Amino acid sequence: MKVGAKIASGKTKNIYELDDPSLVLIEFRDDVTALDGRKRDFIAGKGAINAAITAKLMEVLNTSQTPTHFVKLEPPSAIIAKRLRMLPLEVVCRNIAAGHLVKRLPFKEGDLLDPPIVEFYLKDDERGDPMVNKRHMAALGLATPSEAEYMEEATLKANEVLKRFLASRELTLIDFKLEFGKLPDGSLIIGDELDPDCMRIRDSSTGRILDKDLYRRGSPLEEVLKAYLECKRRIVEGG
Ligand code: UDP
């Protein structure tokens with residue numbers, strides 16, 4: 001397939017047109033960022049790892065009646081996906097308290113959240129990605145109440161599927177972030193990525209961190225790479 005013009009470039013990914021206008025090529029770069037882009041580095045090989053993990057996890061969702069934009073892996077570091085009109089929202093699902101939740105509310109790190117918590121954030125680096133509720137989203141013209149309801153239900157479903165799949169690899173899903181976009185017929189599906197940049201994943205028996213928290217906490221970049229490689233080995237290769 002012929003790769004066309006660049007449509008968009010984010011903090012860690014580039015998106016290109018393809019000759020089929022209903023598809024895009026999403027290239028995962030080796031950049032790693034935190035603190036809304038204020039901390040930034042490169043980890044050679046990370047793009048290929050994240051493309052492979054996203055491909056596997058989205059394939060799992062696609063085959064579990066939780067549709068995503070994923071079509072196929074384009075090695076070494078890209079995926080082909082359905083072209084979506086993305087909503088400027090981040091939908092976070094939490095099974096165990098961590099990160100912002102324990103800073104903002106009286107939860108302790110490691111508290112079990114059952115049932116899981118779903119939160120919506122506006123994608124807006126300048127405002128520090130503020131949390132929004134269904135009425136904010138409606139007033140801002142971002143999503144109707146029924147679209148917000150659908151995203152919440154789809155996120156909870158994705159959580160059950162991912163939690164079960166990762167548990168089969170001896171991995172615990174602490175929390176994760178999804179983004180949704182619209183197909184030309186107006187239906188909403190999961191877009192963006194699913195990898196250790198946007199999920200907290202721990203080894204189930206030791207609690208060892210296998211995600212971007214290592215980078216956020218200042219671990220050497222080689223250790224971050226080692227953790228991402230282990231994630232890929234266990235998620236993609238099953239070993
Ligand atoms: N997350 C993300 N992008 C963001 C904010 C959060 O991918 O801009 C992911 C993050 O990796 C974690 C989950 O969403 O898996 C919950 O993150 P939290 O709200 O605790 O914020 P953090 O402490 O990660 O900044």
Side-chain angles (χ1 to χ4, degrees), residues 8 10-13 26 28-29 31-41 43 46-47 49-51 53-54 57-58 61 68-69 86-113 115-133 136-137 142 151-152 154-156 158-163 165-166 171-181 190-204 207-219 224 227-228 231-232 235:
K11 289 197 277 279
T12 59
K13 300 190 292 302
I26 303 179
F28 291 69
R29 304 198 311 265
D31 306 64
V32 55
T33 73
L35 306 170
D36 289 333
R38 281 172 283 129
K39 176 171 153 91
R40 175 178 210 98
D41 286 284
I43 300 180
K46 176 183 155 283
I49 294 169
N50 276 2
I53 295 174
T54 293
L57 294 180
M58 289 201 168
L61 290 179
T68 77
H69 67 158
M86 296 302 292
L87 306 191
L89 293 170
E90 300 190 333
V91 190
V92 167
C93 184
R94 303 176 185 276
N95 296 305
I96 293 173
H100 267 109
L101 190 73
V102 298
K103 294 197 188 104
R104 230 177 28 230
L105 293 169
F107 288 105
K108 287 192 304 297
E109 178 113 29
D111 281 352
L112 182 65
L113 307 169
I117 293 175
V118 177
E119 302 164 337
F120 292 90
Y121 293 87
L122 180 67
K123 265 175 87 92
D124 184 334
D125 279 346
E126 273 177 32
R127 292 186 169 79
D129 291 349
M131 196 196 277
V132 288
N133 65 28
H136 292 126
M137 290 188 276
L142 298 173
M151 287 190 277
E152 184 166 321
T155 300
L156 287 168
N159 182 45
E160 290 310 313
V161 172
L162 293 171
K163 228 168 45 176
F165 173 77
L166 292 170
L171 297 168
T172 301
L173 180 58
I174 307 282
D175 57 30
F176 63 100
K177 181 262 308 180
L178 293 179
E179 296 188 22
F180 285 81
I190 295 167
D192 199 50
E193 64 187 306
L194 261 181
D195 50 48
D197 275 7
C198 62
M199 313 172 82
R200 287 193 170 92
I201 299 174
R202 305 286 140 91
D203 180 276
S204 300
R208 200 153 45 87
I209 300 174
L210 296 170
D211 57 62
K212 201 167 87 173
D213 267 354
L214 291 170
Y215 178 68
R216 292 188 186 99
R217 294 174 186 194
S219 296
V224 182
Y228 275 54
C231 245
K232 180 187 158 218
I235 290 173

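When reading the values below, keep in mind they use all heavy atoms of this one structure, side chains included, and skip hydrogens, waters and symmetry mates. For ligands, and for the atoms within them, numbers begin at 1 and follow the listed sequence. None of the values given here were measured: they were computed from a predicted structure.
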When you check the gap from the basic side-chain N to the acidic O, do Arg202 and Asp213 get nearer than 4.0 Å? yes
> Can a salt bridge be assigned to the pair Arg40 and Asp31 using a cut-off of 4.0 Å between side-chain N and carboxylate O?
Replying inline: yes
So for ligand 1, is Asp175 a polar contact partner (N or O within less than 3.5 Å, distance only)?
yes
- For Glu90 and ligand 1, does the shortest N/O to N/O distance drop below 3.5 Å? yes
Hey, which atoms in ligand 1 end up nearer than 4.0 Å to a heavy atom of [X]?
X	answer
Gly99	20 (O), 23 (O)
Cys198	7 (O), 9 (C), 11 (O), 15 (O)
Val92	14 (O), 16 (C)
Asp129	8 (O)
Arg200	12 (C), 15 (O), 16 (C), 17 (O), 18 (P), 20 (O), 22 (P), 23 (O), 24 (O)

Can you tell me if [X] has a non-hydrogen atom under 4.0 Å from ligand 1?
X	value
Arg216	yes
Asp197	yes
Met199	yes

Run the side chain to side chain contact (heavy atoms under 4.5 Å, CB included) test on Phe180 and Ile190 for me, step by step, so that the C-alpha distance in whole Å, both residues' side-chain angles and the decisive distance to 0.1 Å come before the verdict.
CA-CA 5 Å; Phe180 285 81; Ile190 295 167; 3.6 Å; yes
If only atom types and distance count, is the side chain of Arg216 paired as donor or acceptor with the main-chain N or O of Leu35 below 3.5 Å?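 No, Arg216 side chain to Leu35 backbone: no donor-acceptor pair under 3.5 Å.
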> Where do Leu57 and Asp195 land on the side chain to side chain contact (heavy atoms under 4.5 Å, CB included) test, with the steps shown first?
Replying inline: CA-CA 8 Å; Leu57 294 180; Asp195 50 48; over 6 Å; no
Report the residue from Leu112, Asp175, Leu101, Leu173 that forms a side chain to side chain contact (heavy atoms under 4.5 Å, CB included) with Ile96.
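With Ile96 as partner, side chain to side chain contact (heavy atoms under 4.5 Å, CB included) holds for just one option, Leu112.
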message = Would you say atom 12 (C) of ligand 1 makes contact with the protein, given that contact here means a non-hydrogen protein atom less than 4.0 Å away?
response =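 There is a protein heavy atom less than 4.0 Å from atom 12 (C) of ligand 1.
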Inset, instruction - Please indicate whether Lys13 has more than 12 foreign heavy atoms, meaning atoms of other residues, nucleotides or ligands, lying under 6.0 Å from its NZ. - result: yes
message = For Arg104, is the CZ atom crowded, meaning more than 12 foreign heavy atoms sit under 6.0 Å from it?
response =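 Atom CZ in Arg104 is packed in, count exceeds 12.
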Separation between CD (Glu152) and CZ (Phe120), nearest 0.5 Å, reads 5.5 Å
request  = Starting from atom 14 (O) of ligand 1, locate the nearest protein heavy atom and write down its residue, its atom name and how far away it is, to 0.1 Å.
outcome  =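 The answer is Lys177 CB, 3.5 Å.
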At under 4.0 Å between heavy atoms, what of Arg94 touches ligand 1? The answer is side chain
Note: His100, heavy atoms under 4.0 Å from ligand 1, region reported as both
